[in-house]
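These notes concern the structure reproduced below.
Just so it is clear, the model here is predicted, and its values are computed rather than measured. When a ligand or atom number is given, it counts from 1 through the structure's own listing order.
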Amino acid sequence: MAEASFTPRVFSGIQPSGGLTLGNYLGAMKRFVEMQDRGEFETIYCMVDLHAITVWQDPEKLRRATRELCAGFIAAGIDPERSILFNQSQVPEHAQLGWIFNCVARMGWMQRMTQFKDKAGKNAQNASLGLFAYPALMAADILAYHATHVPVGEDQKQHLELTRDIAIKFNNDFGVDFFPVTEPVIEGAATRVMSLRDGSKKMSKSDPSDMSRINMTDDADAIAQKIRKARTDPEALPSEAKGLEDRAEARNLVNIYAALADQSVDQVLADVGGKQFSEFKPMLSDLAVAKLSPISGEMARLMEDQTEIDRILGRGAERAQEIAAPILEKTYDIVGMVRSR
Ligand code: TYM
């Protein structure tokens, strides 16, 4: 289908389950800001609270995490005027289109999702039905806006392929050219930020060890301590990216540095090649603190005015619904639902 027939529109989401990590910031949020600032797209960013409850969430913590995530978006540079910023449950079209996509997606497709297998763990029979259907709701998030581009970290790639499959199957089943086949945007040095304790594992808010991740709310001392204790190898840093191939932990720290400094890995290595970690780690800490503390400070300031945060979310939801409602209406019409009021 010719993508040109769709308005260039970016959609992406983050779960308000626990705090934001450096992985979320570098892999997603920082790139959301870049796409907003390029001015080539309409940009829509969502706190996906309906996705969060696919695993147990304490209600008060969920409410707080949703507001804190909103503060995080704004502190990182999302302008709620230029972008649409809202929480998913305030726009019922997500759940409504999600149902239609539950009926388009096949069991076999869902069973192949590695994230479901990881999250459900050994006891998959006890996982919620929502966790299984998660990617169909994610497809609805994106396609309810006819979004053409979706910036995400590497771990969401399979879900975005499923979104494409759902759009294609819907279009084929009903003989229409209605949903766009969305482009994943997985770019930059930090599409997969790894744990500071184990270079083979993704940095994640659900890792039991707090030392494995940098949280966006960590203070300067905590950031410095976590980087000082980050696992590395005894070699000096190489001068070219090729020298990082079998060195997962070293590669991770260099990728983080490059993403924070807005440089390529080669540029960073041209400067730091030959240095020991004892010299590189303090450079990385200083850079991380310089880039992250203004964001955490601003988040704390914004969190003092919850009424304002709720106002922003409410206004964002209204604007989002203006786009999603007619797309859902048209979808119901294509599917054959009687609409008489
Ligand atoms: P979530 O909440 O797990 O993560 C939000 C975003 O952060 C990225 N990310 C990372 N990037 C690099 N390194 C890491 N260690 C790292 N950890 C997380 C994720 O790739 C993601 O881009 N299913 C999604 C939320 C979602 C969504 C959507 C995204 C729901 N609907 C529609 C895009 C479009 C999720 O769980 O992200």
Exercise for review: Kindly confirm or rule out an N or O of Gln156 lying under 3.5 angstrom from an N or O of ligand 1.
Suggested key: yes

Practice item. Below 4.0 angstrom from a heavy atom of Arg192, which ligand 1 atoms are there? Numbered from 1 as shown, please. Key: 12 (C), 13 (N)

Practice item. Would you check if the distance from the ring center of His146 to the ring center of Phe11 is below 6.0 Å? Key: no

Study note, to complete from the structure: The protein heavy atom nearest to atom 12 (C) of ligand 1 is Thr191 O, 3.3 Å

Review point. Which ligand 1 atoms are under 4.0 Å away from a heavy-atom of Ala190?
Key: 12 (C)

Review point. Between Val193 and ligand 1, does any nitrogen or oxygen pair lie at a separation below 3.5 Å?
Key: yes

Practice item. Report yes if the side chains of Val152 and Val185 come closer than 4.5 Å at any heavy-atom pair, otherwise no. Key: no

Check your understanding: At a 4.0 Å threshold, what atoms of ligand 1 neighbour a non-hydrogen atom of Lys202?
Key -> 15 (N)

Check your understanding: Nearest protein heavy-atom contact for atom 19 (C) of ligand 1: which residue, which atom, what distance?
Key -> Asp155 OD1, 3.3 Å

Practice item. Using a strict cut-off of less than 4.0 Å between a Lys/Arg side-chain nitrogen and an Asp/Glu carboxylate oxygen, indicate whether Glu240 and Lys242 qualify as a salt bridge. Key: no

Point to revise | Those atoms of ligand 1 less than 4.0 Å from some heavy atom in Ala28 | key: 6 (C), 7 (O), 22 (O)

**Study point:** Any N or O of Gly23 closer than 3.5 Å to N or O of ligand 1
**Key:** yes

Practice item. Go through ligand 1 atom by atom and flag the ones less than 4.0 Å from a non-hydrogen atom of His51. Key: 30 (C), 31 (N)

Check your understanding: Side chains of Met283 and Glu279: closer than 4.5 Å at any heavy-atom pair?
Key -> no

Point to revise | Closest protein heavy atom to atom 31 (N) of ligand 1, given as residue, atom name and distance to 0.1 Å | key: Asp141 OD2, 2.6 Å

Study note, to complete from the structure: Under 4.0 Å from one or more heavy atoms of Tyr134, ligand 1 contributes atoms 23 (N), 24 (C), 25 (C), 35 (C), 36 (O)

Check your understanding: What do the steps show when you test Gln158 against Gln115 for side-chain contact (heavy atoms from CB on, under 4.5 Å), and what is the final call?
Key -> CA-CA 9 Å; Gln158 198 185 28; Gln115 190 152 316; 5.8 Å; no

Practice item. Between Ile142 and ligand 1, find which residue part has any heavy-atom pair under 4.0 Å and reply side chain, backbone, both or neither. Key: side chain

Check your understanding: Where does Leu137 meet ligand 1, judged by heavy-atom distances below 4.0 Å: at the side chain, the backbone, both, or neither?
Key -> neither

Exercise for review: May I ask you to identify the nearest protein heavy atom to atom 5 (C) of ligand 1, giving residue, atom name and distance to one decimal place in Å?
Suggested key: Asn24 ND2, 3.6 Å

Point to revise | Proximal ligand 1 atoms for Gly27, defined as those under 4.0 Å from one of its heavy atoms | key: 11 (N), 12 (C)

**Study point:** Name of the residue among Phe86, Tyr145, Phe32 meeting ring-ring contact (aromatic ring centres under 6.0 Å, His included) with Tyr45
**Key:** Phe32

Exercise for review: Under 4.0 Å, heavy atoms only, figure out whether ligand 1 is touched by the backbone of Met47, its side chain, both or neither.
Suggested key: neither

Exercise for review: Ignoring angles and geometry beyond distance, decide whether Met203 reaches within less than 3.5 Å of ligand 1 through its nitrogen or oxygen atoms.
Suggested key: yes

**Study point:** Atom of Ala136, atom of Leu162 and distance for their closest heavy-atom approach
**Key:** N-CD2, 4.4 Å

Review point. Taking C-beta and beyond as the side chain, do Met110 and Phe116 meet within less than 4.5 Å on heavy atoms?
Key: no

Point to revise | Electrostatic pair Lys202:Asp207 at N-O distance under 4.0 angstrom | key: no

Review point. With a 4.0 Å cut-off on heavy atoms, does Gln88 reach ligand 1?
Key: no

**Study point:** Pairwise side-chain contact, Met29 with Asn24, heavy-atom cut-off 4.5 Å (strictly under)
**Key:** no

Check your understanding: Tell me: protein heavy atom nearest atom 28 (C) of ligand 1, and distance?
Key -> Met138 CG, 3.4 Å

**Study point:** Polar contact flag for His159 and ligand 1 (N/O pairs, less than 3.5 Å)
**Key:** no

Point to revise | Side chains of Asp271 and Tyr257 in contact at under 4.5 Å (non-hydrogen atoms) | key: no

Review point. Looking only at protein heavy atoms, which one is nearest to atom 25 (C) of ligand 1, and how far off is it?
Key: Gly13 O, 3.6 Å

Check your understanding: Would Gln36 and Asp79 satisfy side-chain hydrogen bond (donor to acceptor under 3.5 Å, both in side chains), going step by step from the backbone distance to the final call?
Key -> CA-CA 8 Å; Gln36 165 191 269; Asp79 172 351; 5.8 Å; no

Point to revise | Contact partition for Val48 relative to ligand 1, non-hydrogen atoms under 4.0 Å | key: side chain

Exercise for review: Just jot down the ligand 1 atoms closer than 4.0 angstrom to any heavy atom of Gly153, in number order.
Suggested key: 11 (N), 19 (C), 20 (O), 22 (O)

Review point. Are any of the side-chain heavy atoms of Glu249 and Asp233 separated by less than 4.5 Å?
Key: no

Review point. Atom 3 (O) of ligand 1: which protein heavy atom is closest, and how many Å away?
Key: Gln15 NE2, 4.1 Å

Review point. So which of Thr217, Ile214, Ile14 actually passes side-chain contact (heavy atoms from CB on, under 4.5 Å) with Leu20?
Key: Ile14

**Study point:** Salt bridge flag under 4.0 Å for residues Lys30 and Asp262
**Key:** yes

